[in-house]
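What you see is a predicted model; the values in this text were computed from it and never measured. All chains are named by letter (A, B, ...) in the order of the sequence lines, taking the proteins before the strands, and each is independently numbered beginning at 1.
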Protein chains: 2
Amino acid sequence: MTKKEIAAMSPAETEILRIVWELGAATVLEVVDQLPPERQIAYATVQTLLRRLEHKGYLKHKSRGKAHVFMASARKEEVISRTVKDFLNRLFGGDPVPLVQYLAEHGEITREDIDGLKKLIDKPKGK
Amino acid sequence: MTKKEIAAMSPAETEILRIVWELGAATVLEVVDQLPPERQIAYATVQTLLRRLEHKGYLKHKSRGKAHVFMASARKEEVISRTVKDFLNRLFGGDPVPLVQYLAEHGEITREDIDGLKKLIDKPKGK
DNA sequence: GACATTCTTTTACAAATGTACGATATCGGA
DNA sequence: TCCGATATCGTACATTTGTAAAAGAATGTC
């Protein structure tokens, strides 16, 4: 625990958070329904994960009827930034090139994707 | 634990493994010396991590004098593949494009990197 | 208003993780 | 051969993680 403002999340939590992001806002059940078929975990488990994410500051919730609707609390951009950076540091010592290289070599990204990226770089965003 | 042949490694372990890969082969002390300054953990801790990595099948060791020299046991390519895939699944639902996009937007990868990638894609490797 | 239904809260618990101390073994010298 | 310096081994232990059952509360329905 270095000096991280916000507690890191576990892999399982990460997946749940992603689903909430995807849905914008979601109840426990909605998250459960969104889990990939090869990953069936109990309703109660998802609930625990959501609660933990809220504790850690990633999510907040409000009530809709009896159900809790969870939604992002921390800025997604920032969370992704920290998470990717951390991953990169641990697996590649911080150098992103081997990662992207890996993706390219394994056909995970296509030519078109790359052309798109080029545009992104040429035209620095948000300026 | 789905049906993974080899036990997943923890973040801390991942970092240690990367260092061993980087050095090719290394004693505990050599790994310790390679840790980034902002991450100072005790000799004994590194030892434990190395031991655990060996147990899980990522490393093996042989003795050089009194010291153990650790080196890769599992195929690096494969380990990276699994690790990246898992990360991608959890944080981006498996889609690599947002990840690379993030890297591009944040100046983590440059124009040149991208041009290099293009070559990789155009010329499918190992064929 | 009693019930079944649907949610949340509380509580649990084994396994994994992060971190490290103390005891023991080994090696190179004096 | 005894000593100090190095290393490893065994062990420990508080947290976090992954997973979930059980108990309690709110709701819509006859």
Side-chain angles (χ1 to χ4, degrees), chain A residues 1-4 6-20 25-33 35-36 38-71 83 86-87 89-91, chain B residues 1-4 6-20 25-33 35-36 38-71 83 86-87 89-91:
Chain A
M1 249 153 270
T2 34
K3 195 179 69 190
K4 215 162 276 178
I6 193 170
M9 53 188 166
S10 74
E13 285 165 359
T14 304
E15 178 166 37
I16 299 299
L17 178 57
R18 178 194 34 97
I19 293 178
V20 173
T27 64
V28 179
L29 199 49
E30 287 163 349
V31 171
V32 168
D33 288 344
L35 284 170
E38 73 275 14
R39 170 147 177 82
Q40 286 310 314
I41 53 183
Y43 184 99
T45 304
V46 174
Q47 234 172 353
T48 300
L49 264 3
L50 284 167
R51 195 167 357 109
R52 285 180 185 167
L53 281 168
E54 186 165 19
H55 249 120
K56 294 186 181 177
Y58 292 98
L59 294 179
K60 64 187 172 186
H61 80 270
K62 52 183 174 179
S63 300
R64 177 172 71 202
K66 58 182 159 180
H68 282 185
V69 179
F70 290 87
M71 65 209 72
T83 307
D86 189 66
F87 176 73
N89 278 331
R90 300 194 186 267
L91 190 59
Chain B
M1 245 153 272
T2 33
K3 197 180 68 187
K4 214 162 276 178
I6 194 170
M9 52 187 166
S10 72
E13 285 165 359
T14 304
E15 178 166 35
I16 299 299
L17 179 56
R18 177 192 38 93
I19 293 178
V20 173
T27 65
V28 179
L29 199 50
E30 286 162 350
V31 171
V32 169
D33 288 344
L35 285 170
E38 72 275 15
R39 169 145 178 83
Q40 287 309 315
I41 54 183
Y43 183 99
T45 305
V46 174
Q47 228 170 358
T48 299
L49 264 3
L50 284 167
R51 196 162 359 111
R52 285 182 185 166
L53 281 168
E54 185 164 21
H55 248 120
K56 294 187 180 177
Y58 291 98
L59 294 179
K60 65 187 171 185
H61 81 269
K62 52 183 173 178
S63 300
R64 177 173 70 202
K66 58 184 159 179
H68 283 185
V69 179
F70 291 86
M71 65 209 73
T83 307
D86 190 67
F87 176 73
N89 278 331
R90 300 196 187 266
L91 191 59

Inset, instruction - Please examine the side chains of A/L91 and B/L17, heavy atoms only from C-beta on, and report whether any two atoms are closer than 4.5 Å. - result: no

Legend entry - Distance in angstrom units between B/L35 CG and C/dA20 C1', rounded: 15 Å

Legend entry - Heavy-atom check, side chain of A/M9 versus side chain of A/R52, under 4.5 Å: no

Legend entry - From CA spacing to verdict: salt bridge (charged side-chain N to carboxylate O under 4.0 Å, His left out), B/E54, B/R51: CA-CA 5 Å; B/E54 185 164 21; B/R51 196 162 359 111; over 6 Å; no

Inset, instruction - Spell out, as yes or no, whether a donor-acceptor pair under 3.5 Å connects the side chain of B/R18 to the backbone of A/N89. - result: yes

Inset, instruction - Can you spot which of A/I19, A/L59, A/I41, A/V28 makes a side chain to side chain contact (heavy atoms under 4.5 Å, CB included) with A/L49? - result: A/I41

Legend entry - Per-nucleotide protein contact string for nucleotides 24-30 of chain C (B base, S sugar-phosphate only, - none; heavy atom under 4.0 Å): ---S---

Inset, instruction - Please tell me which of the listed nucleotides, D/dT17, C/dT17, D/dT8, lies nearest to the side chain of B/S10? - result: C/dT17

Inset, instruction - Starting from C1' on C/dG18, measure out to CG on B/L17 and report it in whole angstrom. - result: 17 Å

Legend entry - Value in whole Å for how far the C1' atom of C/dT17 lies from CD1 of B/I16: 13 Å

Inset, instruction - Output, in order, the C-alpha distance, side-chain angles, deciding distance and verdict of side-chain contact (heavy atoms from CB on, under 4.5 Å) for A/V32 and A/T27. - result: CA-CA 9 Å; A/V32 168; A/T27 64; over 6 Å; no

Inset, instruction - Could you check if a side-chain atom of B/V69 sits within less than 4.5 angstrom of a side-chain atom of B/E30, using non-hydrogen atoms only? - result: no

Inset, instruction - Look at B/R39 and C/dT19 and indicate whether a side-chain polar atom (N or O) is within less than 4.0 Å of OP1 or OP2. - result: yes

Inset, instruction - Using atom types as modelled and distance alone, determine if a side-chain donor or acceptor of A/Y58 lies under 3.5 Å from a backbone N or O of A/A7. - result: yes

Legend entry - Integer-rounded Å distance: C/dT17 P and A/D86 CG: 15 Å

Inset, instruction - State, to 0.1 Å, how close B/A8 and B/E13 come at their nearest heavy-atom pair, and which atoms those are. - result: O-OE1, 4.4 Å

Inset, instruction - Would you kindly give the CD-to-C1' distance between A/E13 and C/dA16, to the nearest whole Å? - result: 14 Å

Inset, instruction - Output the single nucleotide from C/dG18, C/dA20, D/dA20 whose closest atom is nearest the side chain of B/I41. - result: C/dA20

Inset, instruction - Rounded off to whole Å, could you give me the CG-to-C1' distance for the A/L29 and C/dT6 pair? - result: 9 Å

Inset, instruction - Please list residues of residues 43-62 of chain B whose heavy atoms come under 4.0 Å from any atom in DNA chain D, ordered by number; otherwise none. - result: B/Y43, B/Q47, B/R51

Legend entry - Nearest-angstrom distance from the residue atom CD of A/Q40 to C1' of D/dG18: 15 Å

